[in-house]
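Values in this document were obtained by computation on a predicted structure and should not be read as measured data.
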Protein chains: 2
Amino acid sequence: MANTAAQKDIVKKSEISGFILERTAKRMKQHFQQSLAAAAAGITIDQWVVLQELDKQNGLSQLEIAKATFKDAPTITRIIDLLCQKELTQRVIDDQDRRRFKIQLTPKGYKRIAELMPVIKDARQKAWGGLPDKDIDHLVKTLNIVFNNLSSEDTK
Amino acid sequence: MANTAAQKDIVKKSEISGFILERTAKRMKQHFQQSLAAAAAGITIDQWVVLQELDKQNGLSQLEIAKATFKDAPTITRIIDLLCQKELTQRVIDDQDRRRFKIQLTPKGYKRIAELMPVIKDARQKAWGGLPDKDIDHLVKTLNIVFNNLSSEDTK
DNA sequence: CAAAAATAGTTGTTATACTAATTATTTCAA
DNA sequence: TTGAAATAATTAGTATAACAACTATTTTTG
């Protein structure tokens, strides 16, 4: 197939849009990180994401957390290490399958989540609050198309 | 101000959209990383971004590269270290200001860029090719609004 | 001009991400 | 049912990212 003008246009446009996507995601992460730091949260945004997942479903295995958060197994091992050091979670061996842990929130973990939830909600409000619903919906739809374009082969 | 239904809706929607944004940006990065690895490129996507910036403007200082790529100074120091080790760039002291380096592409650097450009273009095509122009434009516009929402206070 | 402030770059520490290799356990299959 | 394959988690190595502290210059300013 020849390299048509339309194709060249897409290639050029996609250089910019890839840059904008990366840039915005990075800034978003910084924004939440700074909000947590300003609140003396004692955890990172990635640790928050794991805590929040456990808040939805306590006792997940590490691989289940990995899948839910789109992080990989070694990363989850280390995040859980840190959360256990801080006594926000604990590892409980799964009697059904002794290769696994059930990761459980401690009372201190639940307390920390409750304390930080307003911080996170404020940060979300600041990031997205000024956008019309339909723009957010459109964004999510488009991002998901891109995500799925890449999922087919990259999930090997 | 009371916590209206509309505000709650935004907060809930933004939990999802933040997740989708992060997830898509991460997958996008993996996609380019894997494309480079498959081509035995010998560089990472972050190193590519720096090379590409130098291809546009050779001889930039490290801080200029940092600004252009939205990376920070220590990160650029380390990326340039690696690119110089691979002999794709070289540091030349700026005679006008001896605190600075001019970072210059070597002939090997130009060659590598030329070799990898088709790989990158293919990867871009795969990521964005299926999307109508107007969706991409809309995405970029929305992402930029979010980016600017966060830039005001986070760029201290 | 000399001291202070600003700037460019480096280094160190901690955290996350990816890959590969390793251990322990469980499941599958001949 | 035992040996092979698969699975859950860990560990190690390299790269990126944020932050802080530091050195070497340059600019400001008093």
Side-chain angles (χ1 to χ4, degrees), chain A residues 22-23 25-38 41-50 59-67 69-86 91-103 154-156, chain B residues 22-23 25-38 40-50 59-67 69-86 89 91-103 154-156:
Chain A
E22 162 111 14
R23 180 176 86 157
K26 194 185 281 190
R27 177 77 54 144
M28 181 72 69
K29 197 161 188 179
Q30 290 169 342
H31 170 59
F32 282 97
Q33 198 62 68
Q34 289 170 0
S35 300
L36 287 174
I43 60 170
T44 64
I45 182 61
D46 296 283
Q47 291 164 24
W48 167 263
V49 166
V50 169
L60 290 176
S61 75
Q62 295 189 188
L63 277 191
E64 285 167 339
I65 296 172
K67 271 170 200 153
T69 59
F70 281 84
K71 297 177 184 300
D72 63 3
T75 298
I76 293 297
T77 293
R78 280 152 188 148
I79 289 179
I80 298 295
D81 283 349
L82 291 168
L83 291 175
C84 287
Q85 272 173 36
K86 298 179 217 258
R91 287 185 166 99
V92 178
I93 291 177
D94 185 334
D95 284 332
Q96 252 61 55
D97 183 343
R98 279 157 44 240
R99 290 169 304 182
R100 297 179 185 227
F101 293 114
K102 294 180 178 178
I103 309 300
D154 288 348
T155 306
K156 280 170 299 202
Chain B
E22 162 110 13
R23 180 176 88 157
K26 195 185 278 190
R27 179 74 51 129
M28 180 72 68
K29 196 161 185 178
Q30 289 169 344
H31 170 59
F32 282 97
Q33 197 63 67
Q34 288 169 0
S35 300
L36 287 174
I43 60 170
T44 65
I45 182 58
D46 296 284
Q47 290 163 25
W48 166 263
V49 166
V50 170
L60 289 177
S61 75
Q62 295 189 190
L63 277 192
E64 285 168 338
I65 295 172
K67 271 169 199 155
T69 59
F70 281 83
K71 298 176 184 300
D72 65 1
T75 298
I76 293 298
T77 292
R78 281 150 188 151
I79 290 178
I80 298 295
D81 283 350
L82 292 168
L83 290 175
C84 287
Q85 272 173 37
K86 298 177 216 258
T89 61
R91 287 186 166 97
V92 178
I93 291 178
D94 185 333
D95 285 331
Q96 253 60 56
D97 182 343
R98 280 158 40 240
R99 290 169 304 184
R100 297 179 185 227
F101 293 113
K102 292 180 178 177
I103 310 300
D154 288 349
T155 306
K156 282 166 301 197

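- Here the P atom of nucleotide C:dA8 and the CD1 atom of B:Ile103 are 13 Å apart, to the nearest Å.
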Notebook entry, point to check: For nucleotides 12-22 of chain C, read 5' to 3', which letter fits each nucleotide if B means a protein heavy atom sits under 4.0 Å from the base, S means only the sugar-phosphate is that close, and - means neither?
Noted result: BB-SSBBBB--
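- A salt bridge links B:Arg91 with B:Asp81: at least one charged nitrogen is closer than 4.0 Å to a carboxylate oxygen.
- A heavy-atom distance below 4.0 Å to DNA chain D is reached by these residues of residues 92-102 of chain A, ordered by number: A:Arg99, A:Arg100, A:Phe101.
- Here the C1' atom of nucleotide D:dA18 and the CD1 atom of A:Ile43 are 17 Å apart, to the nearest Å.
- Considering only side-chain N and O atoms, B:Thr77 lies under 4.0 angstrom from the phosphate OP1 or OP2 of C:dT10.
- Spacing between atom CZ of B:Arg91 and atom C1' of C:dA8 amounts to 12 Å, rounded to whole angstrom units.
- In this structure, CD1 of B:Ile76 is placed 10 Å from P of C:dG9, rounded to the nearest angstrom.
- Rounded to an integer number of Å, the gap from CD of A:Gln62 to P of C:dT25 is 15 Å.
- Closest non-hydrogen pair, B:Ala73 versus B:Ala66, comes out as N-CB, 4.4 Å.
- The number of heavy atoms from other shown groups lying within 6.0 Å of NZ (A:Lys67) does not exceed 12.
- The shortest heavy-atom contact between B:Val50 and B:Ile76 is CG2-CD1, 4.2 Å.
- When rounded to the nearest whole Å, the span between CG of B:Asp81 and P of D:dA15 equals 11 Å.
- Across every non-hydrogen atom of A:Lys26 and B:Thr69, the tightest pair is NZ-O, 4.3 Å.
- Summarising the geometry of A:Ser61 relative to A:Glu64, their closest heavy-atom pair is N-OE1, 2.8 Å, with the distance given to 0.1 Å.
- Nearest heavy atoms, B:Asp46 versus B:Ile79: CB-CD1, 4.1 Å.
- For B:Thr44 against B:Gln33, the heavy-atom pair with the smallest separation is CA-NE2, 3.4 Å.
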